[in-house]
Every structure is written in structure tokens, then in C-alpha cells.
Protein chains: 2
Amino acid sequence: MHEDSFYGVQARFLIAVDCTILGFIDNEIKLLTFRRKIEPKKGGLSLLGGFMNENENIDQAASRVLKTLTGLDNIYMQQVKAYGNVDRDPGERVISVTYYALINVTDYANSLLPESDLEWISLDRKRELIFDHEQMLDDAILLLRRHAALHPIGFNLLPEKFTLTQLQSLYESIYGETMDKRNFRKKILGMDILERLDEKDKKSSKRGAYYYVFNRQRYESMLDKGFVFTM
Amino acid sequence: MHEDSFYGVQARFLIAVDCTILGFIDNEIKLLTFRRKIEPKKGGLSLLGGFMNENENIDQAASRVLKTLTGLDNIYMQQVKAYGNVDRDPGERVISVTYYALINVTDYANSLLPESDLEWISLDRKRELIFDHEQMLDDAILLLRRHAALHPIGFNLLPEKFTLTQLQSLYESIYGETMDKRNFRKKILGMDILERLDEKDKKSSKRGAYYYVFNRQRYESMLDKGFVFTM
DNA sequence: TCAAAAGTGTTCATTGTACACCCATGT
DNA sequence: ACATGGGTGTACAATGAACACTTTTGA
């Protein structure tokens, strides 16, 4: 049996890519959503998505969707899962491959929002999402938590320089639980992957808090020596 | 714009399901492979796979593929990842969604093997696999390790009753490292999820080793009380 | 001067790790 | 009697968790 005829009789499917795009805004992880412009569920809140093209692989499709809808490029993205329930999209059978993306809102938010139907929503509004997008969000957050516990990916959500208070709020938001300030600082500073700048953030306190930067180079060289990040 | 016409112009794709099927044989995790019967790569070693049908979701497709090729049913399976490189299958563009499956070989191995092109191979032969199946296997093993560290899924690879020595060998094989016998037993027995039977396995020692069974009911009731399995 | 956030160490409990000898039995 | 795998406990180290006060400064 020749492969073309063998493959040929098989069903073919639409493949969508849906992105759980997360940003850290007002000390809280928020989700970037989009008002759907077509039926079914026109006007409903949706993850950012689009269909996969012939000439690209899945990661490329995800990057393209993100770029097209937000203008953002070079974003940290990870595949989460493929969803394929027969009736997950009432319009037509669509298999969706989902990603989560972490974006540094401080630098980009203003440039992307005004001219579009994009909206940052708090995660407790997730029940407004269409189709199985709430499930996708839940799975993405769970995966993010597991990744964030083992890799320094949280920094993708922060500006280049940040305070330890911000960093702690970020982890508290990711895990949905509060942490002890002294223990948090002891742990993160003990890893020796942050560099303190001689500059303070005076926006949120009179005294001012030192800015830190993540030293990725140092982190990577420590990895080679068997260091494991855990947070 | 109506959804049918909108969806209609999009590309459609073949979707395959490929399964990393693992069994515990001769104190070692082995992979069930299949000699490919069609071009391209006819005769090459392959994961067990097949194409998705119109009327089934992805999990169902994976179960069907497993059932069709091995006769096995009710198997523990988890989705790993979707692979979509444009040229991953030289025959034609195919997106593959992969799963890993854990099977209890003791009960089934004899019934499935003789009449087929299936073969259990040691994981160090993985470089013989076709296409991107080696990558799939690697990703599956990594995911299995993460899952096995947090959930009592290893028991799916063992017969109903097993000795602690077997169980330890299983975890050693999953993680690829040896463990201390006393520490291992202290930890697993301390969880209080195993029950010792009044029966010994005399196959591998003169003295005989007690059989144990996994008490799933007890495990699940402990989960409700906040217990977390870690291994 | 006071309100508000920043910064800082110690103690205790829990968990993980290293380590060596006796036991039971079939041959 | 001996070879083979089965079974057991203790001491130390590392890690995680709880906890409260002083500092700085703009208003």
C-alpha cells in the first residue's frame, strides 16, 4: 500500500491555536482576552486564537497569532495541551492546541491596547470565557505553576528591573497564596541569580526599594554546575 | 461573516496519535514498538500510532489505536504533546498528538505479542526510532517522571501484587538512578498506602519477599485530607 | 510626628541522606 | 554450610516554616 493513498483516505481537521496570554498588572496575574467577532458566540470573551496554516509548525502558528493580534514578538510561550472534543466548537469540528504566553506588560501594554478589542481581565472572571477556554486557562495556570516552581520564568512577567516586593507579589499571584517576606527574600537572594542595582523604586514607598535584575547568564552557568532553581 | 465560510477557507490537517507504551520487564522500563508496514520508512521501528477519525475525540483516538494494535483496554494514558513540524513526516504533512501509556505486562504480554509485529525494546535503543519518535519518547519519559513523582501511577506498570524490591526497581528505572533500600522502604511504607499480604514471592529469593498491594481507596481518602504523594 | 512600605535573623520542625548487619531458606 | 536476596534503625545534614521589630522618608 502506498503512503499517499493510505494517508489519503483519512479525515482532515481544522487546527486552531489558542493562547493563554498572561500579564502581571496591579500586583495580579491577568489574562488577555478578545471579543470574538464571528458566530458562534460572537461577542463572547475568548482566548486569543487563530487557525494554523499549511506552511508553519505549531509553535510558529502560536507566535504568528500572538503577533497578529497584539503586535508582540519574541514572547516566552509554552505549549500546554491539545483539545479535541468532538463538539468543543459548536461551529465546526476544530482541534485546538493551546499555549501559555508570559508578557511583560510594563513595556508593551500601552502600545497594544487602545486600538483593539483586547482586554485584560482578572482570573476570577474566567467563567465568562467561551467554549472550553476556561478549561484551557485552568490547565495553562497549572502548567505555569509547575514550570515556575522549577525554572526562573516569572521574570518574563516583570520589567527588566524590579523590586523584591514585586517579585514576591508575582509568585504569590502565580501560586495563589501568600508567602513570608523574610523566607522569600532569604531563598531568592540565596540563589545568587539576582543583582541589586544602586537605584531605588520610590513609586510605592517613601523609603524606596532597591531594584534588582535577573542575571540570566549567571543562572545558566550555575545550571551547568548542577544548580536547580526551585521556588 | 458567517462561521462556515470563515472556517471554510482554512487549511485542514491529518492528525495522528502516537503512543509511547511502556511496560516493566526484567526490572527495566521497556517501550513497545511496531515495525512500520508502509512507506516512508517501511520496516522502521515506530511508536504505535494511527490517524484520528472524525467521530472521536483525541483521548478516544488514542485508546482506539492502543486497542486496535494490542488488544488492550482500560489502560492508563496521558497526553504528552502535539508535534507539528512541517516536515516531521516525509510522506505528507501530519500533526501528531502523543500519549504515554503504562501497561501491566505481567498480565498481558503473552497475549499480545506472538501474533504481531510488536516488540518490546530497551530504552537505550531509542535512536532506532523513525521520524521524531525519539523526541516523543524523550518528552514522554520526562513527563512520566514528573507525574510519577507526584502521583502513584507507577502501580499501573506492576501486577496487582508486587514486592517492595520490584517497586523499588520500578522507581529506579523510571528515574534512571539507584535508591537506598532502607530509605525507599521507610518512605513508601510511611505513606500507609500499601497493604502487606500474608503471601510471599519465592521466585527471586529463597527466603521469599512479602507481596504488597496498592490500596487505592485508602490513598484517595487520604488525598481528601490533604495528603500529597511524593516519590 | 506618623503612616507606610522596606529590610533583616534565629529557632524549631520536618525531611532527606548516609550507612551495615542479621535473617530465612533452598541448594 | 553457604550463597542469595529480604528485611531493619539511627545519626546527621539540609531544608522549610514560623515569627517581630527597626529603618527610612515624604507628607
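Since this is a predicted model, take the numbers as computed values, not measurements. Proteins come first, then strands; the chains are lettered A, B, ... in the order of their sequence lines, and each starts at number 1.
- At a cut-off of 3.5 angstrom, the base of D/dT10 holds at least one donor-acceptor pair with the side chain of B/Lys186.
- The NZ-P distance, from A/Lys203 to D/dG26, rounds to 15 Å in whole Å.
- Residue A/Thr165 places no side-chain N or O under 4.0 Å from the OP1 or OP2 atom of C/dA5.
- At whole-Å resolution of the value, CZ in B/Arg196 and P in D/dG6 are 14 Å apart.
- Note: CG (B/Asn183) to P (C/dA20) measures 13 Å, nearest angstrom.
- The distance from atom NZ of A/Lys200 to atom P of D/dT25 is 6 Å, rounded to the nearest whole Å.
- Looking at A/Lys181, its side chain comes within 3.5 Å of the base of C/dG7 through a donor and an acceptor atom.
- Relative to the side chain of A/Lys202, the nucleotides D/dG5, D/dT25, D/dA17 differ in distance, and D/dT25 lies closest.
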side-chain contact (heavy atoms from CB on, under 4.5 Å) assessment of A/Leu66 paired with A/Tyr99: CA-CA 10 Å; A/Leu66 190 70; A/Tyr99 284 72; over 6 Å; no

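- Protein atom CZ of A/Phe184 is 15 Å distant from nucleotide atom C1' of C/dT8, rounded to whole Å.
- Considering every non-hydrogen atom in both B/Arg145 and B/Gly176, the closest pair reads NH2-N, 4.4 Å.
- Not one N or O on the side chain of A/Glu28 forms a donor-acceptor pair closer than 3.5 Å with the backbone of A/Ser122.
- For the pair A/Arg185 and C/dT8, the criterion of a side-chain N or O lying under 4.0 Å from OP1 or OP2 is not met.
- If you find the closest nucleotide of DNA chain C to A/Gln166 and to B/Arg182, the one lying nearer the 5' end belongs to A/Gln166.
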Carefully, step by step, assess B/Phe131 and B/Leu47 under the rule side-chain contact (heavy atoms from CB on, under 4.5 Å). CA-CA 10 Å; B/Phe131 298 174; B/Leu47 298 183; over 6 Å; no

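- Separating the CE atom of B/Met179 from the P atom of C/dC19 is a distance of 18 Å, rounded to the nearest angstrom.
- Rounded to a whole Å, the NZ atom of A/Lys206 is 10 Å from the P atom of C/dA3.
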Working note: A/Arg218 + A/Glu195, criterion side-chain contact (heavy atoms from CB on, under 4.5 Å); need CA distance, chi angles, decisive distance, verdict. CA-CA 10 Å; A/Arg218 174 164 186 80; A/Glu195 264 175 40; 5.8 Å; no

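- Between C/dA6, D/dA3, D/dG16, one nucleotide has an atom nearer to the side chain of A/Lys187 than all others, and that is D/dG16.
- For A/Asp180, counting side-chain heavy atoms from C-beta on, the closest listed nucleotide (D/dC19, D/dG7, C/dA6) is D/dC19.
- Side-chain atoms of A/Arg207 come within donor-acceptor range of the base of C/dA6, with a qualifying N/O pair under 3.5 Å.
- In this entry the distance linking OH of A/Tyr210 with P of C/dG7 reads 8 Å, nearest Å.
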